[in-house]
Amino acid sequence: MVNASKVLLSAGEASGDLHAAALLRELRARRPSLSAVGLGGERLRDAGAELTLEYGELALIGFAEAVRRLGEVRRALGTLEAELDSVDAVICVDFSGFNKRLAARAARRGVPVVYYICPKVWVWGAWRAAGIARRCSLMLTIFPFEAPLWRHYGVAARYVGNPILDYLPAPAPPGDPRRVAVLPGSRTNELCGLLPVLDAAARLLRRRRPGLRFVVPSAAEDIRRSTREVLAALPPGSPLEAVDGGFHEEIAACGLALVSSGTASLEVACLGVPQVLVYRVNTLTALFARAFIRLPWVGLPNLVAERTIVPELLQERLTPANLAGTADELLASPGLRAAQRSAGLEVRRRLGGPGAARRAAAAVLELLGRPS
């Protein structure tokens, strides 16, 4: 195996940027001479990568959104492909629609591909795993049930733990039920699609419970800017309030969260904060998903728990009235909130302990061999 001195990391959205940055810090702590280029955001740059591209508007939600911007995706792939001859490995972090194509280009050139936070083929259908497995040298999984699936398709796979436990604070006492966290996602089309319905639901809840406060924390400055822009475009009198405090600390202080499906929903569960999970995508994307998804849940807390612990309001079920009603039931019942908190903390225990980035870095360096 080639001795590594330079890697290309590809992280196309905020959560991937966070995890890629943590991985790069661990790699450089063990091999200070290692350099990195690739696709990412401010966190990956701060960790020491020279960004070839910033993910920006590349952060897409689904099939229809990707099709509409296929030219932009192809140009980004071409830009990263130009780096492949100068790197010793490609590390793909989540962002499967884009990264599986980048992995194919790297594999054709004989560049080893490591996938950290692997494509969720257990949602879309295991038949997708074979094609991805052929392109990769190593899969680093963040859920324990994933590694055997990938090994079945002939690729080395190792469970390294879940990276959210590397940075998530310990669960705090139950938060104030008069305070509701609103987490609409990080991508621009998520913000534009979800914030108006979250705002409308918050207005309904405020009428029923005048003392409620709705806070919108952001995990990074670029997300904060985008969120504030969309909030400013809402009708006057919105109860949604952008806050600048620590992301997880703001969430933990709340008695309830209204959360876009994704990593944030898992973080909220592991903090022990009750939630209502929401999601809505383009109609074409939804139809495409329904044709292939075979699991009864979308939300990560439910998938890890293997049962419904968090209510899911998706697509046509996501209306202001439904969301306000579901949230009101939780706010009215300390017992329901306590049960969901307990189930969320059990999800956290299932994920194991911290150290995912450290174990992932050790696996990458083992694959690449000793430095010259």
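Computed over heavy atoms, backbone and side chain alike; hydrogens, waters and symmetry mates excluded. Bear in mind the structure is a predicted one, so any value in this text is a computation, not a measurement.
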When you compare the side chain of [Y] with that of [X], does any pair of heavy atoms fall below 4.5 Å?
{"X": "Leu168", "Y": "Arg348", "value": "yes"}
{"X": "Cys270", "Y": "Ile164", "value": "yes"}
{"X": "Val160", "Y": "Tyr116", "value": "yes"}
{"X": "Leu77", "Y": "Leu102", "value": "yes"}

Would the distance check show the side chain of [X] and the main-chain N or O of [Y] forming a donor-acceptor pair, the cut-off being under 3.5 Å?
{"X": "Glu312", "Y": "Gly299", "value": "yes"}
{"X": "Glu13", "Y": "Tyr55", "value": "no"}
{"X": "Arg359", "Y": "Pro354", "value": "yes"}
{"X": "Arg151", "Y": "Ala157", "value": "yes"}
{"X": "Asp17", "Y": "Ala11", "value": "no"}
{"X": "Ser265", "Y": "Ser261", "value": "no"}
{"X": "Ser5", "Y": "Ser35", "value": "no"}
{"X": "Arg280", "Y": "Leu318", "value": "yes"}
{"X": "Thr326", "Y": "Leu323", "value": "no"}
{"X": "Asn162", "Y": "Ile142", "value": "yes"}

For Val182, run the side-chain contact (heavy atoms from CB on, under 4.5 Å) check against Val215, Leu194, Val216 and tell me which one passes. Val216
Check for me, please, whether [X] and [Y] land in the same ILVMFWY cluster - side-chain distances under 4.5 Å, paths through other members count.
{"X": "Leu240", "Y": "Val197", "answer": "yes"}
{"X": "Leu345", "Y": "Val273", "answer": "no"}
{"X": "Tyr159", "Y": "Leu266", "answer": "no"}
{"X": "Val298", "Y": "Val276", "answer": "yes"}
{"X": "Leu183", "Y": "Leu212", "answer": "yes"}

Once side-chain hydrogen bond (donor to acceptor under 3.5 Å, both in side chains) is applied, what residue pairs with a partner in residues 171-183 remain, sequence neighbours excluded? Asp176-Arg178, Arg179-Glu250
Please round to the nearest 0.5 Å and tell me the distance separating atom CZ of Arg337 and atom OG of Ser342. 14.5 Å
If every non-hydrogen atom of [X] is compared with every non-hydrogen atom of [Y], which pair is closest and at what distance?
{"X": "Asn322", "Y": "Thr319", "value": "N-OG1, 3.1 Å"}
{"X": "Leu204", "Y": "Ala324", "value": "CB-CB, 3.8 Å"}
{"X": "Cys118", "Y": "Trp150", "value": "CB-NE1, 3.7 Å"}
{"X": "Val278", "Y": "Leu314", "value": "C-CD2, 4.4 Å"}
{"X": "Gly262", "Y": "Leu300", "value": "O-CD1, 3.8 Å"}
{"X": "Pro301", "Y": "Ile309", "value": "O-CD1, 3.8 Å"}

In plain terms, say whether [X] and [Y] are close enough for a salt bridge, that is, a side-chain N and a carboxylate O under 4.0 Å apart.
{"X": "Glu42", "Y": "Arg45", "answer": "no"}
{"X": "Asp244", "Y": "Arg228", "answer": "yes"}
{"X": "Glu72", "Y": "Arg75", "answer": "no"}

Taking ring-ring contact (aromatic ring centres under 6.0 Å, His included) as the test, write out the residues that go with Phe98, two or more places apart. Phe95
Which residues pass the side chain to side chain contact (heavy atoms under 4.5 Å, CB included) test with Pro239, sequence neighbours left out? Asp199, Ala202, Arg203, Arg206, Phe214
Regarding Tyr279 and Glu190, is there a side-chain donor-to-acceptor distance under 3.5 Å anywhere? yes
Among Arg158, Arg30, Arg31, find the one that has a salt bridge (Lys or Arg N to Asp or Glu O under 4.0 Å) with Glu366. Arg158
Give a yes or no on whether Glu241 atom CD has more than 12 heavy-atom contacts from other residues, nucleotides or ligands under 6.0 Å away. yes
